[in-house]
Amino acid sequence: MPDAPDISESEWSIMEVLWESSPKTASEVTKALRSSTNWAENTVRTLLTRLVEKGALKTAENASGTRTFLPAVKREACVHAESESFMQRIFGGAAKPLLVHFAQNSKLTAEEVKELKKLLDQSLNS
């Protein structure tokens, strides 16, 4: 799968539906998003077209000849790219201020703190 393209918040909603289950038609994507977005099918089709143009989605045809959409990039790659972009924009690319902000402003359980410590220790030994 190719590198993760830059996708907007609206496009991210479309991708989440397709990462969860694909391939889907534009109508199926619209139906899946209706309760959370109330978008018209034309809006969804516009976003799907943009995502195909960006290389985030690929198309196929189902048994009845209807165009379907499926991810061309993995969710993990998009999360990584979005995380890198966020850290660069907000924290100048520095991880420490991000982690400090996160630790001071999140309601972490003892188990979550333990897991984070474990991950940080592993990153030191990598």
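Numbers for residues simply follow the sequence, beginning at 1.
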CZ/Arg67 to CG/Asn62 distance, rounded to the nearest 0.5 angstrom?
12.5 Å
To the nearest 0.5 Å, atom NZ of Lys107 lies from atom OG1 of Thr109 at 13.0 Å
Measuring from Glu16:CD to Ser36:OG, what's the distance to the nearest 0.5 Å?
10.5 Å
Check the orientation of His101 and Phe91. Use parallel for under 30°, tilted for 30 to 60°, and perpendicular for over 60°.
tilted
4.5 Å side-chain heavy-atom contact, Leu33 and Ser13:
yes
If the condition is side-chain contact (heavy atoms from CB on, under 4.5 Å), which residues does Ser83 pass it with, not counting sequence neighbours?
Val79
Is the backbone of Thr25 close enough, under 3.5 Å, to the side chain of Glu28 for a donor and an acceptor to pair up by distance?
yes
Under a 4.5 Å cut-off applied to non-hydrogen side-chain atoms, are Leu70 and Leu18 in contact?
no
So which atom in Ala26 and which in Val44 form the shortest heavy-atom distance, rounded to 0.1 Å?
O-CG1, 4.0 Å
d(Arg34 CZ, Asn38 CG) to nearest 0.5 Å is 7.5 Å
Nearest heavy-atom contact between Glu11 and Leu51 is CB-CD2, 3.6 Å
When you measure from the side chain of Thr46 to the backbone of Asn42, do you find a donor-acceptor pair of N or O atoms at a distance under 3.5 Å?
yes
Restricting to non-hydrogen atoms, name the atom on Trp19 and the atom on Val73 that form the minimum distance, rounded to 0.1 Å.
NE1-O, 3.0 Å
Min side-chain heavy-atom separation Phe69-Val52 under 4.5 Å
yes
Cys78 and Ile7: which non-hydrogen atoms are nearest, and at how many Å?
SG-CD1, 4.4 Å
Might you point out which heavy atoms bring Ser22 and Pro71 nearest each other, and give the distance in Å?
OG-CD, 3.3 Å
Check whether any side-chain heavy atom of Thr68 sits under 4.5 Å from a side-chain heavy atom of Lys24, and report yes or no.
no
Could you tell me if Ser27 and Glu41 have a donor-acceptor pair between their side chains, going purely by distance under 3.5 Å?
yes
Minimum side-chain heavy-atom gap Met15-Arg75 below 4.5 Å:
no
Let me confirm one number: the OG-CD distance from Ser106 to Glu112, rounded to the nearest 0.5 Å.
8.5 Å
Answer whether the closest heavy-atom distance between the side chains of Thr43 and Leu48 falls below 4.5 Å.
no
Can you check whether Glu111 reaches Leu116 side chain to side chain, under 4.5 Å on heavy atoms?
no
Side-chain heavy atoms of Glu115 within contact of Lys118, under 4.5 Å:
yes
